[in-house]
**Q** 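The structure under discussion is supplied below as structure tokens; questions concerning it will follow.
Below, each value reflects all heavy atoms present in this structure, side chains not excepted, and no hydrogens, waters or symmetry copies. This one's a predicted model, so the numbers in the text were calculated from it and none came from an experiment. Read the numbers this way: they start at 1 and go in the same order the structure lists the ligands and their atoms.
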Amino acid sequence: MPLARYTSLRVGGPVDALALPGSTGALVELLSWAQRRQVPVLPLGSGFNLLVRDAGLRGIAIHAQSLRALELEPDGSLEAEAGVRHSSVSKLCAERGRAGLEFAVGIPGTVGGWIAMNAGTREREMKDVVVSVALWTPKGEVQELAAASLHFEYRRTHIPAGSFILGARFHTHSDAPSRVEARMQSLMEARRRTQPVDRLSCGSVFHNPPGDAAGRLIEAAGLKGERRGGAEISSVHANFIENRGQARARDVLELIELMRDTVRRRFAVELEPEVRIVGEEE
Ligand code: EPU
């Protein structure tokens, strides 16, 4: 099963098995089964922020596309399964007048990935709005961990080893639906102006180095529009790589090396990948 059609970059070699669990219960059963048989599992989320090498990977890749339950609780918190996307969160918040999660508008991927990456913007991150996270633990238990017991960093969350994110609960507060919607619209417009949101990409390639921006450094190094095979450094935002058609992981990896090497040489800054690179080396 080639993973390319299940990743946002449309790149990636074959996996032994792909699972699309229809419910969190089915996902929990699958995780326990795989653990008993010592089969590796890879959480794909919806395949954002992920680069699967062309040689593919062993084990089971788990896609969260069917885990989309989303509910507003009586206490105003929002409970979301791992496969919920920003469009559903934004729609519900705008309709029901719930504020606090506007920053998530346009953040690609799914709730599982948002938590794993502590996704966010310059203004806010998941750590600012998460109440608790539901996890499957390697003991085969489902646990709800309070946000305070998780350790969030810039684009990284420490969850207990071997655990799998099943969903999360977010804090929201009341506001006029029109105001919530207006804030979302203006954030979405800003994102459309500055990021290649309508192109095939894996999101930001690198973390921002302290006090600077990877996009600024890569553009200053003259690399916008640079191409390898079907992959291109975005001319909209230099910290994105676009698949302009038929790109392979090898093309993308070559560009990643070019970006790192050139920025290191020109500015003595070491860029750290944000995109998760998985799969067998060729
Ligand atoms: N810049 C350039 N050239 C470019 C891109 C950016 O010179 O091609 C400059 C901009 O002019 C600006 C600075 O770099 O002065 C920062 O750019 P921008 O405001 O676009 O934000 P960013 O630092 O590149 C971060 C997050 C984004 C998030 C935006 C908006 C990271 C790696 N990126 O981008 O998050 O959407 O702020 O808040 O932290 C992500 O993490 O995947 C992501 C997309």
Side-chain angles (χ1 to χ4, degrees), residues 7-11 43-52 85-87 89-90 100-130 152-158 165 168 183-227 231-244 252 255-256 258-260 262-264 266-267 269-278:
T7 65
S8 62
L9 194 56
R10 298 288 183 276
V11 161
L44 275 188
S46 57
F48 276 95
N49 244 290
L50 188 69
L51 176 62
V52 181
R85 289 169 182 267
H86 77 89
S87 47
V89 171
S90 303
L101 285 169
E102 292 89 332
F103 75 98
V105 70
I107 294 185
T110 56
V111 161
W114 291 0
I115 300 296
M117 303 284 299
N118 185 23
T121 63
R122 281 181 180 268
E123 287 71 39
R124 293 197 102 183
E125 301 174 332
M126 289 299 144
K127 75 166 170 38
D128 303 318
V129 289
V130 172
F152 293 99
E153 288 175 14
Y154 166 62
R155 297 297 182 273
R156 182 154 189 238
T157 305
H158 298 268
I165 298 165
R183 283 195 293 271
M184 284 176 180
Q185 264 177 16
S186 100
L187 287 167
M188 195 63 216
E189 277 159 24
R191 196 178 274 275
R192 283 188 182 285
R193 273 198 309 277
T194 55
Q195 296 178 8
V197 291
D198 299 322
R199 299 277 174 82
L200 300 177
S201 85
C202 54
S204 298
V205 175
F206 295 103
H207 289 305
N208 279 337
D212 209 333
R216 189 196 74 76
L217 290 162
I218 298 162
E219 174 166 3
L223 293 175
K224 266 187 168 175
E226 195 70 33
R227 202 160 174 163
E232 186 176 307
I233 299 176
S234 176
S235 48
V236 180
H237 192 302
N239 196 21
F240 286 69
I241 292 176
E242 298 175 12
N243 180 353
R244 304 289 291 179
V252 179
L255 284 181
I256 290 176
L258 176 71
M259 291 153 113
R260 280 187 98 163
T262 315
V263 167
R264 185 188 301 121
R266 294 281 303 276
F267 307 112
V269 174
E270 191 65 37
L271 292 176
E272 297 297 335
E274 174 167 311
V275 57
R276 211 150 51 106
I277 301 167
V278 298

**Q** At the 4.0 Å heavy-atom cut-off, does Tyr154 count as touching ligand 1?
**A** yes
**Q** Any sub-3.5 Å donor-acceptor pair from Asn239's side-chain atoms to Ser204's backbone N or O?
**A** no
**Q** What residue and atom, counting heavy atoms only, is the protein's closest point to atom 26 (C) of ligand 1, and at what distance?
**A** Arg155 NH2, 3.8 Å
**Q** Give yes or no for whether the N/O distance cutoff of 3.5 Å, strictly under, is met between Asn239 and ligand 1.
**A** no
**Q** Does some non-hydrogen atom of Lys224 fall short of 4.0 Å from ligand 1?
**A** yes
**Q** Starting from atom 34 (O) of ligand 1, find the nearest protein heavy-atom neighbour and note its residue, name and distance.
**A** Asn208 ND2, 4.2 Å
**Q** Check whether any side-chain N or O of Ser235 sits under 3.5 Å from a backbone N or O of Lys224 as a donor-acceptor pair, and report yes or no.
**A** no
**Q** Find the distance between CG (Leu187) and CZ (Arg124) and round it off to the nearest 0.5 Å.
**A** 11.0 Å
**Q** Which of these, Arg216, Arg193, Arg191, His237, has its nearest heavy atom closest to atom 9 (C) of ligand 1?
**A** Arg216
**Q** Can you check which of Ala213, Gly109, Gly120, Ser201 brings a heavy atom nearest to atom 13 (C) of ligand 1?
**A** Ala213
**Q** About how many Å separate CZ of Phe240 and CD1 of Ile218, when rounded to the nearest 0.5 Å?
**A** 10.5 Å
**Q** Applying salt bridge (Lys or Arg N to Asp or Glu O under 4.0 Å), name anything that partners Arg216, two or more places apart in sequence or on another chain.
**A** Asp212
**Q** Where is the nearest protein heavy atom to atom 44 (C) of ligand 1: which residue, which atom, and how far?
**A** Ser204 OG, 3.2 Å
**Q** Atom NZ of Lys127 and atom CD of Glu153: how far apart are they, to the nearest 0.5 Å?
**A** 11.0 Å
**Q** Please state which protein non-hydrogen atom is closest to atom 36 (O) of ligand 1 and give its distance, to 0.1 Å?
**A** Gln195 NE2, 3.0 Å
**Q** Protein heavy atom under 4.0 angstrom of atom 20 (O) of ligand 1, is there one?
**A** yes
**Q** To the nearest 0.5 Å, what is the distance between OG1 on Thr262 and CD1 on Ile233?
**A** 7.5 Å
**Q** Does Ala238 reach ligand 1 with a nitrogen or oxygen that is under 3.5 Å from one of the ligand's nitrogen or oxygen atoms?
**A** yes
**Q** Verify, without hydrogens or angle tests, whether Asn243 (side chain) and Leu9 (backbone) share a donor-acceptor contact under 3.5 angstrom.
**A** yes
**Q** Give yes or no for whether the N/O distance cutoff of 3.5 Å, strictly under, is met between Glu219 and ligand 1.
**A** yes
**Q** Who's the nearest protein heavy-atom neighbour of atom 37 (O) of ligand 1, and how far?
**A** Arg122 CG, 3.7 Å
**Q** Any N/O of Thr121 closer than 3.5 Å to an N/O of ligand 1?
**A** no
**Q** Can you tell me how far NE2 of His237 sits from CZ of Arg199, rounded to the nearest 0.5 angstrom?
**A** 14.5 Å
**Q** Would you check, one step at a time, whether the test side chain to side chain contact (heavy atoms under 4.5 Å, CB included) holds for Val130 with Trp114?
**A** CA-CA 10 Å; Val130 172; Trp114 291 0; over 6 Å; no
**Q** For ligand 1, is any non-hydrogen atom under 4.0 Å from Phe206's backbone (N, CA, C, O), its side chain (CB onward), both, or neither?
**A** backbone
